Amino acid sequence: MIDIDQWDKWNKWTTLEAKEAKTGVSGTLHAGYEGDGKWEDFPFTFGEVDEATHTMAWFGKVAGGCLFHGQHQMRLEAVSPTVTLLVHQEEFSGLLPALNAGLPYAKLRRNYLLINEALKAHVEVIEK
């Protein structure tokens, strides 16, 4: 999950471009709302990135967060030796989300489920 250079191999809806996935490093998030290769770009900064806890978080903001602030986190948790749980969270705040403006929020919710399914399929292929 932390190997962001490989995201384009399994994720048609979001890719992260940065020098490295490390706390405090900034980059560009590429969002493809339809999964069709048409991207909209947004600046972001990595929050917590911890390989030991299998956690990666990033955030972006507009106008210092007054218009928009988005906080995203993906974390893998071992449930058993053969089962892993993906915790995938996003929080939006600011004026634009309060007005349901600025992003296609319904499509984002759908895409997070598609991302989860794509990551699961990718990991299962690697494990075979």
Side-chain angles (χ1 to χ4, degrees):
M1 185 175 66
I2 293 175
D3 187 1
I4 60 172
D5 292 335
Q6 298 297 311
W7 275 36
D8 63 340
K9 299 206 179 353
W10 60 269
N11 190 336
K12 299 186 299 186
W13 305 275
T14 303
T15 60
L16 302 174
E17 182 181 344
K19 182 177 69 174
E20 61 183 327
K22 185 176 178 183
T23 303
V25 172
S26 294
T28 302
L29 180 146
H30 306 288
Y33 303 117
E34 301 301 330
D36 58 3
K38 295 178 184 172
W39 302 100
E40 188 171 344
D41 296 340
F42 301 95
F44 79 94
T45 302
F46 280 110
E48 179 184 5
V49 178
D50 188 336
E51 288 192 52
T53 62
H54 308 288
T55 300
M56 184 168 69
W58 61 92
F59 62 90
K61 54 188 172 182
V62 175
C66 295
L67 283 180
F68 175 86
H69 184 270
Q71 177 75 31
H72 199 111
Q73 183 188 69
M74 296 175 81
R75 183 177 69 253
L76 299 173
E77 296 179 356
V79 175
S80 74
T82 59
V83 177
T84 300
L85 174 69
L86 169 64
V87 178
H88 190 171
Q89 303 170 306
E90 179 126 57
E91 288 184 31
F92 297 119
S93 60
L95 183 61
L96 292 175
L99 297 173
N100 200 33
L103 289 172
Y105 297 102
K107 285 183 183 179
L108 290 178
R109 283 187 286 280
R110 175 203 68 192
N111 289 355
Y112 296 147
L113 294 175
L114 293 170
I115 289 168
N116 296 351
E117 291 169 4
L119 179 58
K120 179 181 186 290
H122 178 71
V123 169
E124 287 174 347
V125 167
I126 291 172
E127 291 296 314
K128 288 184 178 180

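A quick note: this is a predicted structure, and the numbers were derived from the prediction, not measured.
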- Query: Is there side-chain contact between Glu20 and Val49, with at least one heavy-atom pair below 4.5 Å?
  - Reply: no
- Is any side-chain heavy atom of Glu17 less than 4.5 Å from a side-chain heavy atom of Ile4? no
- Measuring from Asp50:CG to Ile2:CD1, what's the distance to the nearest 0.5 Å? 7.0 Å
- Query: Between atom NZ of Lys120 and atom OG1 of Thr84, what is the distance when rounded to the nearest 0.5 Å?
  - Reply: 11.0 Å
- Decide side-chain contact (heavy atoms from CB on, under 4.5 Å) for Leu86 and Leu119; before the verdict, give the C-alpha distance in whole Å, the side-chain angles of both, and the deciding distance to 0.1 Å. CA-CA 9 Å; Leu86 169 64; Leu119 179 58; 4.1 Å; yes
- Query: Under a 4.5 Å cut-off applied to non-hydrogen side-chain atoms, are Leu103 and Phe42 in contact?
  - Reply: yes
- If you round to the nearest 0.5 Å, how far is CD of Gln71 from CH2 of Trp58? 10.0 Å
- Transitively linked via ILVMFWY side-chain contacts under 4.5 Å: Val123 with Ile115? yes
- Distance from Glu48 atom CD to Lys22 atom NZ, nearest 0.5 Å? 14.5 Å
- Message: I want to check something: taking the side chain as every heavy atom from C-beta on, are Tyr33 and Glu40 in contact at a cut-off of under 4.5 Å?
- Response: yes
- Taking the side chain as every heavy atom from C-beta outward, state whether Met56 and Leu16 have any atom pair closer than 4.5 Å. yes
- Would Phe68 and Leu99 show up in the same hydrophobic cluster when neighbours are defined by side-chain heavy atoms closer than 4.5 Å? yes
- Salt-bridge contact Glu34-Lys12 (side-chain N to carboxylate O under 4.0 Å): no
- Query: Are Pro97 and Tyr105 close enough that some pair of their side-chain heavy atoms sits under 4.5 Å apart?
  - Reply: yes
- Query: In Å and rounded to the nearest 0.5 Å, what is the OG1 to CG distance from Thr15 to Leu29?
  - Reply: 7.0 Å
- Query: Which pair of non-hydrogen atoms, one from Ala18 and one from Val25, has the smallest distance, and what is that distance?
  - Reply: CB-CG1, 4.2 Å
- Query: Just wondering, do Thr55 and Met1 contact through their side chains at under 4.5 Å, heavy atoms?
  - Reply: no
- Answer with yes or no whether the hydrophobic clustering places Met74 together with Leu85; edges join I, L, V, M, F, W, Y residues whose side-chain heavy atoms lie under 4.5 Å apart. no
- Query: Atom CG of Asn111 and atom CD of Glu117: how far apart are they, to the nearest 0.5 Å?
  - Reply: 11.0 Å
- Mind checking whether Leu108 and Trp13 have side chains closer than 4.5 Å, heavy atoms only? no
- Least distance between heavy atoms, Ser26 atom then Thr45 atom: OG-OG1, 3.0 Å
- Task: For the residue pair His69 and Phe59, categorise the inter-ring angle as parallel (less than 30°), tilted (30 to 60°) or perpendicular (more than 60°).
- Result: parallel
